[in-house]
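All values below come from the heavy atoms of this structure, side chains included, with hydrogens, waters and symmetry mates left out. Because the structure is a prediction, the values reported are computed rather than measured. Whatever order the structure lists them in is the order used to number ligands and atoms, beginning at 1.
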Amino acid sequence: MSKQPVRVAVTGAAGQIGYALLFRIASGEMLGKDQPVILQLLEIPDEKAQNALKGVIMELEDCAFPLLAGIEAHSDPLQAFKDTDYALLVGARPRGPGMERADLLAANAQIFTAQGKALNAVASRNVKVLVVGNPANTNAYIAMKSAPDLPAKNFTAMLRLDHNRAASQLAAKAGFKVGDIKKLTVWGNHSPTMYADYRFATVDGKSVKDMINDQAWNKDVFLPTVGKRGAAIIAARGLSSAASAANAAIDHVRDWALGSNGEWVTMGVPSNGEYGIPAGIVFGFPVTTENGEYKIVEGLEIDAFSQECIDKTLAELQGEQDGVKHLL
Ligand SMILES: NC(=O)c1ccc[n+]([C@@H]2O[C@H](COP(=O)([O-])OP(=O)(O)OC[C@H]3O[C@@H](n4cnc5c(N)ncnc54)[C@H](O)[C@@H]3O)[C@@H](O)[C@H]2O)c1
Ligand SMILES: O=C(O)C[C@H](O)C(=O)O
């Protein structure tokens, strides 16, 4: 018997990431090749954005995806999030010329407060939320705080792009196949302060740290390369990463919904105090996923260098989250 469709809301649906994301969701790459989906797409109430969204919908129709059970276009989050099972919050206010970081935080706080409230009011009580729009961890925190009737654990931020970038850099350095790496993680904020940690990583049971055995490369090449990869792509393309970000969103939600088969993946999730991260901070952690739930991998040893890196990214996040407290 065929499955009932699930509802997937995507915000910023006419943007760059949306264009790289929607077709893959509709083809079954995110929730499985047997799972019909209804897309509930949100764009700003602006003629140009709504027209662009119409064009994207025409293209979705023209793909004749057998799993695409419906498409809706909206400009109001209360309609876009109605009964939704998944919400991918991609749309955000980009930093404009002369805009200070505090202005960016405030502009996004407004968007994610409204969207959190709308999810609280109308989404499925089990909605799984992924925030992609930057600053992703803080936006997820704002949405979570604005949705007190939904489980806090259902609000997550995207660190998977950092995780995938780290895997790829390590594979190139040590000469293994990128898909063979296990037990890699990225701690903290989706920003240049993130800490990509390969101390526990293995390939065919062998330690990646031992294979590389070069702490200077870790500190001076690997971490800055992964941390500044987004900026390097903007410099090269003149636009921020979109296909790789959409790919990471697919990976994040697929593993959350369908399970990681015991493997570690990185998700930005609200802390319950693990590793000394204050409760409620949305932080990148290693997790395993099963039956639609994630579980933070606990008990890992944190050495002095790692603690220093974790403290730095935590301090940045606390600064961001303190900066929006008065708006919540
Ligand atoms: N977490 C990550 O790893 C990661 C990676 C890459 C990009 N990003 C972020 O993702 C976001 C989207 O990137 P993009 O390249 O698609 O940008 P984009 O500017 O091409 O598209 C964003 C879209 O969101 C829409 N939008 C803005 N505010 C909205 C709102 N309140 N409701 C609904 N839609 C809204 C805009 O109209 C636009 O169409 C940016 O914030 C970017 O910095 C995050
Ligand atoms: O949009 C950006 O500022 C960069 C993006 O978060 C990325 O990591 O590629």
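Arg229 does not count as a contact of ligand 2, since none of its heavy atoms falls under 4.0 Å from the ligand.
The pair Asp255-Arg160 counts as a salt bridge, with a side-chain nitrogen and a carboxylate oxygen less than 4.0 angstrom apart. At a threshold of 4.0 Å, the pair Glu72-Arg7 counts as salt-bridged, since one of the basic side-chain nitrogens sits closer than that to a carboxylate oxygen. Ion pairing between a basic and an acidic side chain is recognised when a charged N comes within 4.0 Å of a carboxylate O; Lys128 and Asp85 show no such pairing. In summary, Asp46 and Lys48 do not engage in a salt bridge, as defined by a charged side-chain N under 4.0 Å from a carboxylate O. Salt bridge annotation for Lys183-Glu263: absent, with no cationic side-chain nitrogen under 4.0 angstrom from a carboxylate oxygen.
The protein atom (non-hydrogen) at minimum distance from atom 8 (O) of ligand 2 is Arg165 NH1, 2.9 Å. For atom 1 (N) of ligand 1, the nearest protein heavy atom (residue, atom name, distance) is Val132 O, 3.2 Å. Atom 15 (O) of ligand 1 has as its closest protein heavy atom Gln16 NE2, 2.9 Å. Scanning the protein for heavy atoms near atom 41 (O) of ligand 1, the closest one is Asn134 N, 3.0 Å. Atom 35 (C) of ligand 1 has as its closest protein heavy atom Ile44 CG2, 3.6 Å. Among all protein heavy atoms, the one lying closest to atom 2 (C) of ligand 1 is His190 NE2, 3.2 Å. Nearest non-hydrogen protein atom to atom 12 (C) of ligand 1 is Val90 O, 3.3 Å. Looking only at heavy atoms of the protein, atom 37 (O) of ligand 1 is closest to Glu43 OE1, 2.7 Å. Remark: minimum distance from atom 21 (O) of ligand 1 to any protein heavy atom is reached at Gly15 CA, 3.2 Å.
Of the heavy atoms in Asn134, only side-chain atoms (C-beta onward) come closer than 4.0 Å to ligand 2.
Between Phe285 and Phe283, the ring-plane angle classifies as tilted under the 30° and 60° cut-offs.
With atom 10 (O) of ligand 1 as the reference point, the heavy atom nearest to it among Val56, Ile17, Asp162 is part of Ile17. Looking at Ser244, Ser241, Ala231, Gly133, it is Ser241 that brings a heavy atom closest to atom 9 (O) of ligand 2.
Here's the thing with Ala245: none of its N/O atoms is less than 3.5 angstrom from an N/O atom of ligand 1.
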